[in-house]
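Beneath this line is the structure, given in structure tokens, with notes to follow.
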Amino acid sequence: MTASRDPPRTVELATAILQHTTSVETYLQENGLPSPSFSPGAPPKLPLPPDLQQKLAAALGALDELQALLLGPMGWLMNQVGHAYDLCSLHALYRFNIPAKLAVGEEIEVAEMARRCGADEDAMTRLLHHAATNYLLQRPRPGYVAHSAVSAMMATVPALHDFVGNACEDMWPSAPRVVSALTHTWPGSGATAAEGGRPPNQTAHNLAEGTDLPFFETLKHDAERTRRFAGSMSMLTAMPGFEPTAALESYDWGALMTQKDGEDATVVDVGGSAGTFAVALTDKYPSLRVVVQDLPDVIDKARAGLPSRSAGRVTLMGHDFFTPQPVKGADAYFFRQILHDWSDDFCLRILRQLVAALKPGARLVINDVTIPPPGATSLYEERQIRCKDIAMMSMFNSKERTMDEWKELVTKADARFRLKSVVQLPASPMGVLEFTWEPDRAQ
Ligand SMILES: C[S@@+](CC[C@H](N)C(=O)[O-])C[C@H]1O[C@@H](n2cnc3c(N)ncnc32)[C@H](O)[C@@H]1O
């Protein structure tokens with residue numbers, strides 16, 4: 001029996017939620033911003049300064065703990081099982097392109113929408129009702145559906161549609177197979193595990209799709225999935241805490257130019273996908289030159305989307321990062337959300353491909369998720385990152401890493417990389433680690 005507290009934990013949490021929420025609402029009101037809402041056209045996220053983002057995070061952490069306490073151990077456990085089905089209605093929205101079938105302001109009978117989808121009417125009706133309970137649609141009056149802010153965004157932001165498609169069709173089928181993949185008998189699995197990493201083609205994803213190709217190889221053979229993945233990645237960069245602005249502002253890119261005495265400095269964005277970050281970087285530092293490297297298919301698709309203002313500043317280059325780095329003597333090599341896709345031994349191979357291209361003093365800049373030490377954030381926040389970690393395991397046998405694991409990984413790749421700075425981005429699961437190349441350092 002635990003001793004009773006005064007005030008009880010639930011009341012303490014409810015009080016914290018009230019205080020933090022009041023601070024957020026006061027800020028919104030004082031700045032003429034709307035209260036949070038799911039009406040179509042509502043802002044996709046709350047535009048808060050860093051101190052209020054912290055209060056928001058504290059409110060969400062407290063809300064999560066309060067919900068768990070009020071449900072009680074049995075209710076909380078049952079809740080987990082229920083959540084397993086939450087993605088079904090989102091998947092239906094994606095697969096039947098339901099957001100595009102609704103005009104903003106239109107109210108449609110649920111049965112009529114089910115008919116428009118051309119699928120089993122009873123099943124579709126039930127999925128639509130579930131979607132409404134999860135804020136994905138709204139029910140303005142009994143028996144009718146209309147857009148919520150979520151479906152309206154899916155209808156108008158193609159990258160968000162891609163993000164949902166990637167989540168529901170490429171990633172989610174692997175989730176129920178994560179545990180089976182651990183006990184599955186893979187060819188040569190004993191040896192590879194002993195070498196420090198399970199290969200990327202022995203994953204839950206491989207069990208789900210019945211393929212022995214790693215996920216990115218599968219993509220190479222499927223133009224539509226490649227396009228959808230790139231769209232999804234560009235959406236990821238717009239998510240709270242993942243915006244390029246965070247990495248732009250928390251790392252001194254300008255210092256690269258100072259060092260060059262006015263000459264253009266070159267950054268290589270390794271695995272830079274459609275070039276979203278490169279465009280933001282050169283918008284902020286017009287005299288930086290960025291070479292975006294990715295697999296040839298991805299680069300081919302990226303060409304059409306590169307804004308004309310970036311011409312001459314952003315160059316696109318097909319390159320497989322498991323082969324030697326072709327851009328020699330650049331000022332910085334940037335890896336944003338790349339290495340978390342690979343287990344340690346594959347990361348070592350990727351990083352070692354840089355070595356022959358590096359000039360003394362070259363920077364290696366890693367911008368990736370960092371797992372906070374236990375207790376540094378709420379369980380809610382830590383769970384979001386742990387979910388990403390499990391997603392990495394399920395798709396690639398890769399992992400999210402703590403700051404210490406990042407440092408250890410890079411210096412293991414080559415002892416001549418010296419850690420120069422470490423920044424945990426504010427209100428973000430991402431960090432930036434900067435290493436310099438010091439060839440005279442003892443190996
Ligand atoms: C998680 S995405 C990150 C994209 C981008 N850096 C960002 O932060 O938005 C991983 C990227 O690595 C690319 N990639 C995967 N295997 C690769 C390889 N062997 N060589 C080059 N790029 C690769 C993928 O095509 C994808 O664009």
Side-chain angles (χ1 to χ4, degrees), residues 159 162-163 166-167 170-171 199-201 203 205 213-239 241-248 250-251 267-281 290-303 305-306 314 316-327 332-343 346-354 364-370 388-389 391-401 425 428-432:
D162 290 338
F163 176 79
N166 175 249
D170 293 323
M171 303 192 66
N201 66 342
T203 64
H205 159 75
L213 291 179
F215 176 65
F216 286 121
E217 286 293 321
T218 305
L219 285 195
K220 270 190 202 167
H221 297 102
D222 188 327
E224 171 50 21
R225 284 176 91 177
T226 301
R227 187 208 60 74
R228 182 167 72 185
F229 185 79
S232 172
M233 283 301 110
S234 71
M235 195 64 230
L236 204 59
T237 59
M239 299 222 164
F242 288 90
E243 308 93 334
T245 42
L248 283 181
S250 303
Y251 179 72
V267 176
V268 182
D269 187 355
V270 185
S273 191
T276 312
F277 183 84
V279 169
L281 183 59
V290 182
V291 181
V292 177
Q293 296 177 333
D294 209 296
L295 295 170
D297 288 354
V298 178
I299 291 296
D300 286 347
K301 303 273 172 322
R303 288 192 200 287
L306 200 65
V314 175
L316 300 172
M317 177 188 280
H319 167 62
D320 177 348
F321 51 50
F322 286 104
T323 62
Q325 173 55 245
V327 181
Y333 297 83
F334 181 54
F335 289 75
R336 185 170 198 274
Q337 292 211 277
I338 297 300
L339 299 171
H340 79 150
D341 287 342
W342 301 94
S343 64
F346 284 80
C347 288
L348 297 179
R349 286 187 226 169
I350 295 170
L351 290 169
R352 287 172 183 154
Q353 297 300 341
L354 296 177
L364 165 63
V365 184
I366 296 176
N367 177 206
D368 223 319
V369 169
T370 49
K388 290 185 200 311
D389 183 41
M392 290 297 109
M393 186 196 306
S394 76
M395 298 302 290
F396 312 112
N397 270 339
S398 67
K399 61 199 290 197
E400 307 295 4
R401 296 176 172 88
L425 304 188
S428 167
M430 305 275 281
V432 178

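First listed ligand is number 1; within each ligand, the first listed atom is number 1.
Residue Gly271 has at least one heavy-atom neighbour below 4.0 Å for each of these atoms of ligand 1: 3 (C), 4 (C), 5 (C), 6 (N), 11 (C). Each of the following atoms of ligand 1 lies closer than 4.0 Å to a heavy atom of His319: 20 (N), 21 (C). Within the listing of ligand 1, atoms 25 (O) sit less than 4.0 angstrom from a heavy atom of Val298. Counting atoms of ligand 1 from 1 in the listed order, those under 4.0 Å from a heavy atom of Asp320 are 18 (C), 19 (N), 20 (N).
Between the Asn367 side chain and the Arg336 main chain, no donor and acceptor come within less than 3.5 Å of each other. With Asn397 contributing its side chain and Pro199 its backbone, the two residues share a donor-acceptor pair below 3.5 Å.
In terms of protein heavy-atom proximity, atom 1 (C) of ligand 1 is nearest to Gln337 O, 3.1 Å. Protein heavy atom in closest approach to atom 27 (O) of ligand 1: Asp294 OD2, 2.7 Å. Ranking the protein heavy atoms by distance from atom 10 (C) of ligand 1 puts Asp341 OD2, 3.4 Å first.
Note: no N/O pair closer than 3.5 Å links His340 and ligand 1 by distance alone. Residue-to-ligand polar distances place Phe321 within reach of ligand 1: an N/O pair is separated by less than 3.5 Å. In terms of N/O distances under 3.5 Å, ligand 1 is not approached by Ile338.
Of the candidates Met317, Met430, Arg336, the one placing a heavy atom closest to atom 8 (O) of ligand 1 is Arg336.
Between Trp342 and Phe321, the ring planes are perpendicular. Angles over 60° get that label, and only those under 30° would be called parallel.
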